[in-house]
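All values derive from a computational prediction rather than experimental measurement. Proteins get letters first, then strands, A, B, ... in listed order; numbering begins at 1 in each.
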Amino acid sequence: MQRMHISDFDLEKTVECGQIFRWEKRDGTYYITAQNNILLIRQHGDILNFSAVRGGSSFVKRYLSLDEDYSKIISSLRKDGLPEEVISSAYGLRLIRQDPFECLMSYVASSASNIPRIKRNLNSLCRNFGRRISLGKFSSYSFPGPSEIFSRRKIENSFRKFGFGFRARFYPQIVQSVMSTENSENADEAFKKFFSRIRRMNYEGAKQALTSLPGVGSKVADCVLAFSLGFSEAFPTDVWVRRGVSILFFNGRNISVREAEAFGRRRFGENAAYAQEFIYYWIRNRKKLS
DNA sequence: ACCCAGGAAGCTC
DNA sequence: GAGCTTCATGGG
């Protein structure tokens, strides 16, 4: 078990706010499976105790965005008019830096679904196509890479068995599209090239590239951009964030998702992704808190 | 029985 | 663009 001093960080909020889906909490300790890694971690005040299959403290710092200047982000959000009630409720929440492929697969599954079901779907996918990995007594399944999923036949049928429903058809279409645009017969190489190309684009180009994929619209694209590709100016807007923006900034007026997204991006600029996570956390927990 | 769930796509207007 | 329906499936 390793040890790290941290400040301005809340592990519970960060893990449980819905950015990631593959985690469990046992006796106050979180077991997070990310790609082919397992991170065991718990927090006592400003101390983090953790252990990981691969990567030590450098992995944890990067994965949990502990290398960012939090007070700078907070003061910027405050200056841009994010209400104090929202800031204090979500304070300590940080963006998790996910693997782009895992993030894309996960959020394609999220459309018109709910978090418990998304978790079940992804766990089913990993149990069947991933590899068994373990850390001490805890064992889990890796998130399968592109070729571990797409070198099989009847991909759509498999995803239906895993409970993805109507979203199942998007998966074979996505790999076909990526392999075609990257001009590669190898799924691993195709996705690698695809994401590294997107990383070098500006926000508009990157979003265009992602939304050209089947099953990837504005919301899913923004999640992948914000949670895995470092585009902090993305403002992923779902029904919850739309509701939150409406209450906080439009006096409860019924605004569209598109309107709320444009507002969030204009208002919060390069910290839009943090603003979005704070608003999401606030709106989903405000009954609990008050 | 009905509605909604971290939406997207394919329509019509 | 905005407004509608459909797409599986599970839970309230």
Checklist entry - Over how many whole Å does the gap from A:Phe166 atom CZ to C:dT5 atom P extend? => result 16 Å

Checklist entry - For the rings on A:Phe249 and A:Phe263, is their centre-to-centre separation under 6.0 Å? => result yes

Checklist entry - Rounded to whole angstrom units, what separation is found between the CZ atom of A:Phe170 and the C1' atom of C:dC7? => result 8 Å

Item to check | Between A:Tyr141 and A:Asn123, a side-chain donor and acceptor under 3.5 Å | outcome: no

Next on the checklist: Using the P atom as the point on both nucleotides, what is the distance between C:dC4 and B:dC3, in whole Å?
Outcome noted: 15 Å

Next on the checklist: Rounding to an integer number of angstrom, what distance separates C:dT5 and B:dC4 when you compare their C1' atoms?
Outcome noted: 16 Å

Next on the checklist: Taking any heavy-atom pair under 4.0 Å as a contact, classify A:Leu213: base, sugar-phosphate, or nothing.
Outcome noted: sugar-phosphate

Checklist entry - Does the distance from a Lys or Arg side-chain N to an Asp or Glu carboxylate O, for A:Glu259 and A:Arg253, drop under 4.0 Å? => result yes

Checklist entry - How close or far is atom P of C:dA8 from atom CZ of A:Arg120, stated in whole angstroms? => result 18 Å

Checklist entry - Cation-pi between A:Arg94 and A:Phe9: NZ/CZ under 6.0 Å from ring centre and within 45° of the ring axis? => result no

Checklist entry - Which part of the nucleic acid does A:Arg243 contact within heavy-atom distance under 4.0 Å: base, sugar-phosphate only, or nothing? => result sugar-phosphate

Checklist entry - Is the side chain of A:Ser142 donor-acceptor paired with the backbone N or O of A:Gln35 at a distance under 3.5 Å, no angle test? => result no

Checklist entry - In whole angstroms, how far is the P atom of C:dG10 from the CG atom of A:Asn121? => result 9 Å

Checklist entry - Rounding to a whole Å, what distance do you find between A:Arg169:CZ and C:dC7:P? => result 10 Å

Checklist entry - Heavy atoms under 4.0 Å, any strand shown: does A:Val257 hit a base, just sugar-phosphate, or nothing? => result nothing

Checklist entry - With a non-hydrogen cut-off below 4.0 angstrom, is A:Ser218 in contact with a base, only sugar-phosphate, or nothing? => result sugar-phosphate

Checklist entry - Between A:Ile255 (CD1) and C:dA2 (P), how many Å, whole number? => result 12 Å

Next on the checklist: Quick one: does any side-chain atom of A:Ser88 pair with a main-chain N or O of A:Glu85 as donor and acceptor, under 3.5 Å?
Outcome noted: yes

Next on the checklist: A cation-pi test, strictly: NZ or CZ of A:Arg42 under 6.0 Å from the centre of the six-membered ring of A:Tyr30 and no more than 45 degrees from its axis. Yes or no?
Outcome noted: no

Next on the checklist: When you measure from the side-chain N and O atoms of A:Arg160 to the phosphate of C:dA8, is any distance below 4.0 Å, counting only OP1 and OP2?
Outcome noted: yes

Next on the checklist: Go nucleotide by nucleotide along DNA chain B from the 5' end; which of A:Tyr280 and A:Thr211 gets its closest nucleotide reached first?
Outcome noted: A:Tyr280

Checklist entry - Reckon A:Gly163 touches a base, only the sugar-phosphate, or nothing at all at heavy-atom distances under 4.0 Å? => result nothing

Next on the checklist: In whole Å, measure the gap between the P atoms of B:dG6 and C:dT6 for me.
Outcome noted: 22 Å

Item to check | Whole-Å P distance, C:dA8 and B:dG10 | outcome: 14 Å

Next on the checklist: Would A:Arg26 pass as a cation-pi partner of A:Phe138, given that its NZ or CZ must be under 6.0 Å from the six-membered ring centre and within 45 degrees of the axis?
Outcome noted: no

Next on the checklist: Please classify the nucleic acid contact of A:Arg167 as base, sugar-phosphate, or nothing, using heavy-atom distances under 4.0 Å.
Outcome noted: base

Checklist entry - Could you give the start and end, 5' to 3', of the contact zone on DNA chain B for chain A, using atoms under 4.0 Å from its heavy atoms? => result B:dA5 to B:dA9

Next on the checklist: Students often get this wrong, so: under 4.0 angstrom with heavy atoms, is A:Val108 touching a base, only sugar-phosphate, or nothing?
Outcome noted: nothing

Next on the checklist: What's A:Glu259 touching, base or sugar-phosphate or nothing? Going by heavy atoms closer than 4.0 Å.
Outcome noted: nothing

Checklist entry - Touch check for A:Pro214, heavy atoms < 4.0 angstrom, all strands: base, sugar-phosphate only, or nothing? => result sugar-phosphate

Next on the checklist: Does A:Glu277 reach a base, just sugar-phosphate, or nothing at all? Heavy atoms under 4.0 Å.
Outcome noted: base

